[in-house]
Amino acid sequence: MEIKGSVAVVTGANRGIGLAFTRALLARGAAKVYAGVRNPEDLREPGAEPLRLDVTDEDQIAAAAATAPDATVLINNAGIQAGPGLLEGPLEGARRELEVNYLGTWAVSRAFAPVLAANGGGALVNMLSVASWRVNRRWPGYAASKAAEWSLTNALRVGLRPQGTLVVGVHVGPVDTEAAMGLDVPKVPAAEVAAKTLDAISRGETEVLVDEASRQARAALAGPVDLLETGAVNGDGGQHGRGGDGH
């Protein structure tokens, strides 16, 4: 589908990858971009329309779908990394990761699926991670939530195919955002993630492997499980978001 003239909803749009998506959509001629954020008053991006949206709040999700009945593209970007290590720390962070990264994406997708259908099908994008495919001892909850989100993405692809919706899964290693400042590893610019994803939408592709880390992890899925441990292929796996507004 064409990005020019489309109407997009981006969750977690106030910073990082979500902000990069918002800017890229506007630059490519999107007719409207609804920037989903928890605090609309804090959004200062010219051209974007603030949309109050906490992906864990059912009422806000329903209101967002009603506010954006013209949406043709949904980009599920909101996510967090907040969990404990494998053998220590409270599990509340892991529950929060599942609530935001997995169940939040599911809830927003459910709400907007009929909107996309009414507007000809459109495209639904889930911002995943190389962590979807890796064993991760430091952040097992985050990796598990992203693996669950990947499974959900595949289910949505099958379930929404009859209505003509393109479902795209985006995988990438560390991205150069505020959330990943503490990682001393090569990082992909957020603008590159957005650009490659919008290119994929235009070409009708269902999977985006942004960097070498994601391509190596994807290829390793056919091998022994220990090849999927973080460190066995280049790069970390997490987009260590703070809060619920984005990666």
Side-chain angles (χ1 to χ4, degrees), residues 11-12 14-18 37-39 53-58 76-108 126-155 169-188 190 193 209-247:
T11 70
N14 65 322
R15 64 174 182 264
I17 299 172
V37 294
R38 287 180 299 175
N39 300 304
L53 182 54
D54 179 337
V55 303
T56 67
D57 187 311
E58 293 184 5
N76 285 311
N77 166 75
I80 62 169
Q81 192 280 318
L86 182 61
L87 299 177
E88 68 284 327
L91 293 176
E92 183 54 40
R95 293 189 181 95
R96 179 68 175 163
E97 288 166 333
L98 286 168
E99 185 70 24
V100 174
N101 302 347
Y102 173 48
L103 295 176
T105 296
W106 194 351
V108 174
N126 285 345
M127 189 63 225
L128 302 170
S129 167
V130 74
S132 306
W133 298 325
R134 287 195 183 163
V135 175
N136 195 314
R137 291 171 291 179
R138 293 181 63 189
W139 303 291
Y142 177 81
S145 72
K146 285 299 178 179
E149 191 181 351
W150 177 46
S151 179
L152 172 66
T153 302
N154 294 331
V170 183
H171 297 267
V172 66
V175 179
D176 191 10
T177 65
E178 177 186 350
M181 286 178 59
L183 296 178
D184 186 19
V185 296
K187 300 168 190 172
V188 177
V193 178
L209 305 178
V210 176
D211 57 355
E212 186 59 26
S214 58
R215 289 187 287 273
Q216 288 186 18
R218 186 70 167 89
L221 289 178
V225 173
D226 57 357
L227 291 181
L228 297 175
E229 183 176 357
T230 298
V233 292
N234 293 333
D236 189 81
Q239 302 304 316
H240 314 300
R242 303 168 188 168
D245 272 347
H247 294 87

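FYI, side chains are in, hydrogens and waters are out, and symmetry mates aren't considered; it's all heavy atoms of this structure. We number each residue from 1, following the sequence as shown.
Using bins of under 30°, 30° to 60° and over 60° for the plane-to-plane angle, the ring pair W133/H171 lands in the parallel bin.
Residues T11 and L53 form a side-chain contact, since some pair of their non-hydrogen atoms from C-beta on lies under 4.5 Å apart. You'll find the side chain of L103 stays beyond 4.5 Å of the side chain of L98, heavy atoms only. Contact annotation: the side chain of V172 never approaches that of V130 to less than 4.5 Å [non-hydrogen atoms, C-beta and beyond]. Side chains of M127 and I17 form a contact here, defined as non-hydrogen atoms less than 4.5 Å apart. Residues P84 and W139 fail the side-chain proximity criterion, which asks for heavy atoms closer than 4.5 Å.
The heavy-atom pair separating V108 from V55 by the smallest distance is CG2-CG1, 3.9 Å. When all heavy atoms of A147 and S132 are compared, the closest pair comes out as CB-O, 3.6 Å. Smallest separation of non-hydrogen atoms from G173 and A213: CA-CB, 4.5 Å. Closest of all the heavy-atom pairs between V210 and R215 is O-NH1, 3.6 Å.
Put simply, the side chain of E97 gets close to the backbone of A82: a donor and an acceptor are under 3.5 Å apart. A donor-acceptor pair under 3.5 Å is absent between the side-chain atoms of E149 and the main chain of Y102, judged by distance alone.
To the nearest 0.5 Å, atoms CZ (R218) and CG (L209) are separated by 7.0 Å. Here the NZ atom belonging to K146 is positioned 4.5 Å from the CG atom belonging to N101, to the nearest 0.5 angstrom. Here N76 contributes atom CG and T105 contributes atom OG1; the two are 4.5 Å apart, rounded to the nearest 0.5 Å. Between the CD atom in Q81 and the OH atom in Y142 there is a gap of 7.5 Å [rounded to 0.5 Å].
No side-chain N or O of N154 forms a donor-acceptor pair with one of S151 less than 3.5 Å apart.
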Check: Going through the distances and angles, do L128 and V170 end up as a side chain to side chain contact (heavy atoms under 4.5 Å, CB included)?
Finding: CA-CA 5 Å; L128 302 170; V170 183; 5.7 Å; no
Next item on the list: Could you give me the CA-CA distance, side-chain angles and deciding distance for E99 and R96, then say whether salt bridge (Lys or Arg N to Asp or Glu O under 4.0 Å) is met?
Entry: CA-CA 5 Å; E99 185 70 24; R96 179 68 175 163; over 6 Å; no
